[in-house]
Undergrad: 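Questions regarding the structure given below will be posed in turn.
No experiment lies behind these values; they were computed from the predicted model shown. One-based numbering along the sequence shown. Just the heavy atoms: all of them, side chains too, but no hydrogens, waters or symmetry mates, feed the values below.
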Amino acid sequence: EVAVRAAQAVGYVNAGTVEFLADNDRNFYFMEMNTRLQVEHPVTEAVTGLDLVREQLLVAEGHPLSLRQEELTLRGWAIEARIYAEDPALGFLPCPGKVAAVRLPEGPGVRVDAAVFGGGEISSFYDPMVAKVVCWGRDRASAAAVMRRALEEFQIVGPETNRHFLQHLVGHPDFLAGRLDTGFIARFLEEERLHPPAPHPVADIAAAISAYESSRRGAPQEPAGTEISAWRRALEEGG
């Protein structure tokens, strides 16, 4: 109700997101309004069944919304995990570089928005987020269980990612119980001594197959021993 009133007060039309912070007594406080879709919009789409991108474009063209507020039905629970090319053990330092192979999770209740692919490269010039994994379930516990399974299936061979960190986080008792606040991540990092999983032979095989197929397709290959990450190259070029 407050979010709608805020939009009406400034005559705002089209997609927008109003964010609040809440305290232990369920008081809430305005934080910001983003006059666009947020990166979390698939969560809303999962529980409403709406295509928010389509609705946004229709409104921009002058069309009315396809449904009224009272016609909106929320169903189930959804959680989004952002897969970043970064190292949580090093203060979430970005880890750009070449991607040897990728395996995206699939199955009921799983949606992946991604642009990462085997043979591609994660640039040092943009945000290091490479994919969003959105999982739906009939309730929070179900959605979290689907997410744990999806993160287990998600594989990227090449740059370091936060996938292992997210796996631990989604299974944390406080996360599962909804005992969350703005200090949760800092406490979580202190409790968990995160260590990346040991290399898996299946990942090595997948990387080898991907490299072989790329060479068969005539993809340009750097001479052996000359590989250099985009991050390091940018630093060297910048002096």
Side-chain angles (χ1 to χ4, degrees), residues 1-4 15-34 36-56 65-84 88 103-114 129-156 161-192 194 197:
E1 179 184 354
V2 172
V4 171
T17 308
V18 183
E19 297 187 4
F20 301 89
L21 287 174
D23 63 20
N24 289 332
D25 298 321
R26 301 182 69 84
N27 298 309
F28 62 94
Y29 306 89
F30 174 81
M31 187 166 69
E32 65 177 355
M33 178 176 180
N34 291 300
R36 55 176 171 79
L37 288 181
Q38 291 274 78
V39 71
E40 303 92 351
H41 81 270
V43 171
T44 304
E45 293 184 338
V47 297
T48 62
L50 291 175
D51 184 339
L52 293 184
V53 176
R54 179 178 183 273
E55 294 291 338
Q56 176 181 242
L65 290 174
S66 63
L67 76 168
R68 300 180 62 82
Q69 184 68 36
E70 55 268 21
E71 298 173 324
L72 190 65
T73 301
L74 303 181
R75 176 175 172 268
W77 200 286
I79 300 173
E80 177 180 300
R82 305 185 198 178
I83 307 296
Y84 276 81
R103 179 195 179 198
L104 300 180
E106 300 176 348
V110 177
R111 165 179 170 176
V112 180
D113 292 358
M129 184 171 69
V130 297
K132 297 186 295 186
V133 181
V134 184
C135 295
W136 180 92
R138 63 182 180 275
D139 51 32
R140 181 182 176 84
S142 299
V146 175
M147 179 63 76
R148 289 195 298 274
R149 189 263 298 170
L151 291 174
E152 177 67 27
E153 292 183 2
F154 201 118
Q155 300 289 334
I156 297 181
T161 73
N162 65 338
R163 182 186 69 89
H164 186 59
F165 164 82
L166 293 171
Q167 280 183 277
H168 281 262
L169 187 146
V170 175
H172 193 282
D174 284 348
F175 178 88
L176 294 174
R179 294 190 294 267
L180 303 174
D181 58 63
T182 54
F184 172 68
I185 296 297
R187 294 194 305 273
F188 173 75
L189 289 173
E190 289 181 1
E191 295 172 7
E192 303 286 333
L194 296 177

Undergrad: Assess whether side-chain contact (heavy atoms from CB on, under 4.5 Å) is satisfied between Ile79 and Val43, documenting all intermediate values.
TA: CA-CA 6 Å; Ile79 300 173; Val43 171; over 6 Å; no
Undergrad: How far does CD of Gln38 sit from OG1 of Thr17, to the nearest 0.5 angstrom?
TA: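 Atom-to-atom, Gln38:CD and Thr17:OG1 are 4.0 Å apart.
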Undergrad: Do you know the tightest heavy-atom contact between Leu151 and Arg163?
TA: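 Of all heavy-atom pairs spanning Leu151 and Arg163, the closest is O-NH1, 2.7 Å.
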Undergrad: For Trp77, look at atom CH2 and say whether over 12 heavy atoms of other residues, nucleotides or ligands are found less than 6.0 Å away.
TA: no
Undergrad: Out of the candidates Leu104, Val110, Leu166, only one should pair with Phe154 under the side-chain contact (heavy atoms from CB on, under 4.5 Å) rule; please name it.
TA: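 It is Leu104; the other options fail the test.
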Undergrad: Can you name the closest pair of heavy atoms from Ala144 and Leu176 and give their distance?
TA: CB-CD2, 3.7 Å
Undergrad: With rounding to the nearest 0.5 Å, note down the distance linking CG in Leu74 to OG1 in Thr44.
TA: 9.0 Å
Undergrad: For a quick test of reading the model, state the closest non-hydrogen atom pair linking Pro105 to Ala150 and the distance between them.
TA: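 Taking Pro105 first and Ala150 second, the nearest heavy atoms are CB-O, 3.4 Å.
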Undergrad: CD1/Ile185 to CD/Glu190 distance, rounded to the nearest 0.5 angstrom?
TA: 12.0 Å
Undergrad: Quick test of your reading of the model: are Arg82 and Glu40 salt-bridged, counting only N-O distances below 4.0 Å?
TA: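 Result for this pair is yes, salt bridge flagged.
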Undergrad: In Å, rounded to the nearest 0.5 Å, how long is the span from CG of Leu50 to OG1 of Thr73?
TA: 9.5 Å
Undergrad: Taking all non-hydrogen atoms of both residues into account, name the closest pair between Val133 and Ile83 and its distance.
TA: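 Minimum heavy-atom contact is CG2-CG1, 4.1 Å.
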Undergrad: Above 12 or not: heavy atoms from other molecules or residues under 6.0 Å from CD of Glu70?
TA: yes
Undergrad: Which value, rounded to the nearest 0.5 Å, describes the distance between Thr48 atom OG1 and Glu55 atom CD?
TA: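 Taking OG1 in Thr48 and CD in Glu55, the distance rounds to 9.0 Å.
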Undergrad: Answer yes or no: is there a donor N or O on one side and an acceptor on the other, between the side chain of Lys132 and the main chain of Glu80, under 3.5 Å?
TA: no
Undergrad: CD/Glu106 to CZ/Arg111 distance, rounded to the nearest 0.5 angstrom?
TA: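 Interatomic distance, Glu106 CD to Arg111 CZ, rounded to 0.5 Å: 15.0 Å.
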Undergrad: Does a side-chain heavy-atom distance below 4.5 Å link Tyr84 with Thr161?
TA: no
Undergrad: Using every non-hydrogen atom in the two residues, find where Met147 and Cys135 come nearest and quote the distance to one decimal.
TA: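 Closest pair (atom of Met147, atom of Cys135, distance): CA-SG, 3.5 Å.
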Undergrad: Taking Asp25 for the side chain and Asn27 for the main chain, is one N or O donor matched with an acceptor at less than 3.5 Å?
TA: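 No.
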Undergrad: Quick check: do Leu169 and Phe184 have side-chain heavy atoms less than 4.5 Å from each other?
TA: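 Yes, at least one pair of side-chain atoms sits under 4.5 Å.
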Undergrad: Do the non-hydrogen side-chain atoms of Val146 and Arg149 ever get within less than 4.5 Å of each other?
TA: yes
Undergrad: Between Glu153 and Arg103 (side chain of the first, backbone of the second, donor and acceptor by atom type, cut-off under 3.5 Å), is there such a pair?
TA: no
Undergrad: Is any side-chain heavy atom of Val4 less than 4.5 Å from a side-chain heavy atom of Glu1?
TA: no
Undergrad: Tell me whether Gln69 at atom CD has more than 12 heavy atoms from other residues, nucleotides or ligands lying less than 6.0 Å away.
TA: no
Undergrad: Is the count of non-hydrogen atoms from other residues, nucleotides or ligands lying under 6.0 Å from Arg179 atom CZ greater than 12?
TA: yes
Undergrad: Regarding Arg54 and Gln56, is there a side-chain donor-to-acceptor distance under 3.5 Å anywhere?
TA: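 Arg54 vs Gln56: no donor-acceptor pair found between side chains.
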Undergrad: Heavy-atom distance under 4.5 Å between the side chains of Val53 and His41, does that happen here?
TA: yes
Undergrad: Looking at side-chain heavy atoms only, is the closest gap between Val2 and Phe20 below 4.5 Å?
TA: yes
Undergrad: With a 4.5 Å heavy-atom cut-off, do Phe175 and Arg140 have their side chains touching?
TA: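 In short, these two side chains touch, coming nearer than 4.5 Å.
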Undergrad: What's the shortest heavy-atom distance between Ala46 and Trp136, and which atoms?
TA: O-CD1, 3.6 Å
Undergrad: Is the ring centre of His172 less than 6.0 Å from the ring centre of His168?
TA: no
